[in-house]
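Please read the structure below before turning to the comments.
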There are 2 protein chains.
Amino acid sequence: MAAPDTSQRILDIAERLVQTRGFNGFSYADIAQSMKVTKASLHYHFPAKADLGARLIQRYERNFLAALQGIDAATSSAPEKLRRYAAIYEDVLRDNRMCLCGMLAAEFGTLPKAMKDDMRHYFDANERWLVGVLAQGKKDKTLRFSGSAAEVAQSLVGALEGAMMIARSYADMGRFKSVADRTLASLAP
Amino acid sequence: MAAPDTSQRILDIAERLVQTRGFNGFSYADIAQSMKVTKASLHYHFPAKADLGARLIQRYERNFLAALQGIDAATSSAPEKLRRYAAIYEDVLRDNRMCLCGMLAAEFGTLPKAMKDDMRHYFDANERWLVGVLAQGKKDKTLRFSGSAAEVAQSLVGALEGAMMIARSYADMGRFKSVADRTLASLAP
DNA sequence: GTCTATAGGTGGATAGAC
DNA sequence: GTCTATCCACCTATAGAC
């Protein structure tokens, strides 16, 4: 097993920094110190911070979608899929991180255009998957809800992101779990 | 009516900046430019940025609690109180702002200790008021929910903050309204 | 209270040697 | 690919005149 290449290691460290401190809350100096290289080396891999940011979101979405495919492969029950979906958020929070794109949503006003677009692309993909699960659950009567699946998907994402953000400020996992459980329970038939 | 004093005008401008760009997304130079004074003048009123941040949260909480008292004075119906509570968020969002403390929750990892404490104080006060409304609604059977009022209050705050944050990224008020309506409807008896 | 001037630090970014 | 050295813009903050 080769060591992960430098670009990937940079992304790993930058990802954690954005998730804990925000895109405006870290600098190349932070990454350089953590990797024991100079700032100049980092600019070889990612010329501008905006490049780093965009690549960060793209990789995050790719990994997230892979996790969703993993859920699809592991279970066919709609309620169980939603539980595992919420469990992904829970794992991120347990690591004291915020969702990358939830964090960027707060900083939206200061982001380069490309990052704004990539961020929305992430939420769109997210909600498309949820709409599929919700439609399936409604069809086989394992889920019940009023309104469109798209509206419910938006509510779910918003509720989980918001609960995550606040629970992190209280360093209280239980707070997140209780909200997640309540939210999923509201879809029980 | 005297013009608002300088400290208040600084707070007004800083408040909007934090709500749109985050605490790490603006500088004294931004305020100075907007007020047509020098940065040095600002330091006379708020020696350090951390002082400004803390006073910002304290004033925000005071104003928010006053708005909640206004709701209590205007109506005695629990469901109507919740609708007006959500309408406050909606008004903030319509102005292209995020909730001040929702924004700070994202930046939590980088905030001075005093600001962290003040921020949680805001959410605590917020939830205390909601718990009162929820208890009243349960008692007079105008609201129905399972679990404790405290859990529901936390879910409400999280759902509204999260929906707000994401809707702002899409510049889509409808997105927020639909989530808020759904969330309140889930408490109907 | 507000100004000019400035200190001392950090930000992102580049040139050019190795 | 990584380094040293450096640029310049910007940051928070202070001293001292007015």
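No experiment lies behind these values; they were computed from the predicted model shown. Below, chain A is the first sequence line, B the second, and so on; all start at residue 1.
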Inset, instruction - Could you tell me how the ring of A/F64 sits relative to the ring of A/Y89: parallel (under 30°), tilted (30 to 60°) or perpendicular (over 60°)? - result: perpendicular

Inset, instruction - In whole angstrom, give the distance that lies between atom CE of A/M35 and atom C1' of D/dG1. - result: 11 Å

Inset, instruction - Specify the separation, in whole Å, of atom NZ of A/K49 and atom P of C/dG11. - result: 9 Å

Legend entry - Closest to side chain of B/H45, choosing from C/dT14, D/dT2, C/dG1: C/dG1

Inset, instruction - Can you tell me the distance, in whole Å, between the NZ atom of A/K36 and the C1' atom of D/dT2? - result: 17 Å

Legend entry - Separation of D/dA15 P from B/Y44 OH (nearest whole Å): 16 Å

Inset, instruction - Mind calculating the distance between CG (A/L42) and P (D/dT4) to the nearest angstrom? - result: 13 Å

Inset, instruction - Could you state the atom-to-atom distance from CZ of A/R21 to C1' of C/dG11 in whole Å? - result: 14 Å

Legend entry - B/Y28 side chain near D/dT12 phosphate (N/O to OP1/OP2, under 4.0 Å): no

Legend entry - Quiz item: cation-pi between A/K116 and A/F108, 6.0 Å / 45°: yes

Inset, instruction - Using a cut-off of strictly less than 4.0 Å, decide whether B/S41 has a side-chain nitrogen or oxygen near OP1 or OP2 of C/dC3. - result: yes

Inset, instruction - Compare side-chain N and O positions of B/S7 against OP1 and OP2 of C/dG1 and report whether any pair is under 4.0 Å apart. - result: no

Inset, instruction - Calculate the interatomic distance between A/I31 atom CD1 and D/dT2 atom C1'; express it in whole Å. - result: 16 Å

Inset, instruction - For the pair B/L65 and B/Y60, evaluate side-chain contact (heavy atoms from CB on, under 4.5 Å) and give the outcome as yes or no after the intermediate values. - result: CA-CA 9 Å; B/L65 292 183; B/Y60 194 77; over 6 Å; no

Legend entry - Closest to side chain of B/A40, choosing from C/dG12, C/dA5, D/dG1: C/dA5

Inset, instruction - Give a yes/no on whether any side-chain N or O of B/T38 is located under 4.0 angstrom from OP1 or OP2 of C/dT2. - result: no

Legend entry - Phosphate-side-chain proximity, A/S27 and C/dG11, N/O vs OP1/OP2 below 4.0 Å: yes

Inset, instruction - Identify, between A/F23 and B/T6, the residue whose nearest nucleotide on DNA chain C lies closer to the 5' end. - result: B/T6

Legend entry - Over-ring placement of B/R175 relative to B/Y170, 6.0 Å and 45° cut-offs: yes

Inset, instruction - Mind calculating the distance between NZ (A/K39) and C1' (D/dC7) to the nearest angstrom? - result: 11 Å

Legend entry - Any A/H43 side-chain nitrogen or oxygen under 4.0 Å from OP1 or OP2 of D/dT2: no

Inset, instruction - Remember a base hit wins even if backbone is also touched, and classify A/F46 as base, sugar-phosphate or nothing at under 4.0 Å, heavy atoms. - result: nothing

Inset, instruction - Output, in order, the C-alpha distance, side-chain angles, deciding distance and verdict of side-chain contact (heavy atoms from CB on, under 4.5 Å) for A/F123 and B/S169. - result: CA-CA 10 Å; A/F123 283 118; B/S169 301; 5.7 Å; no

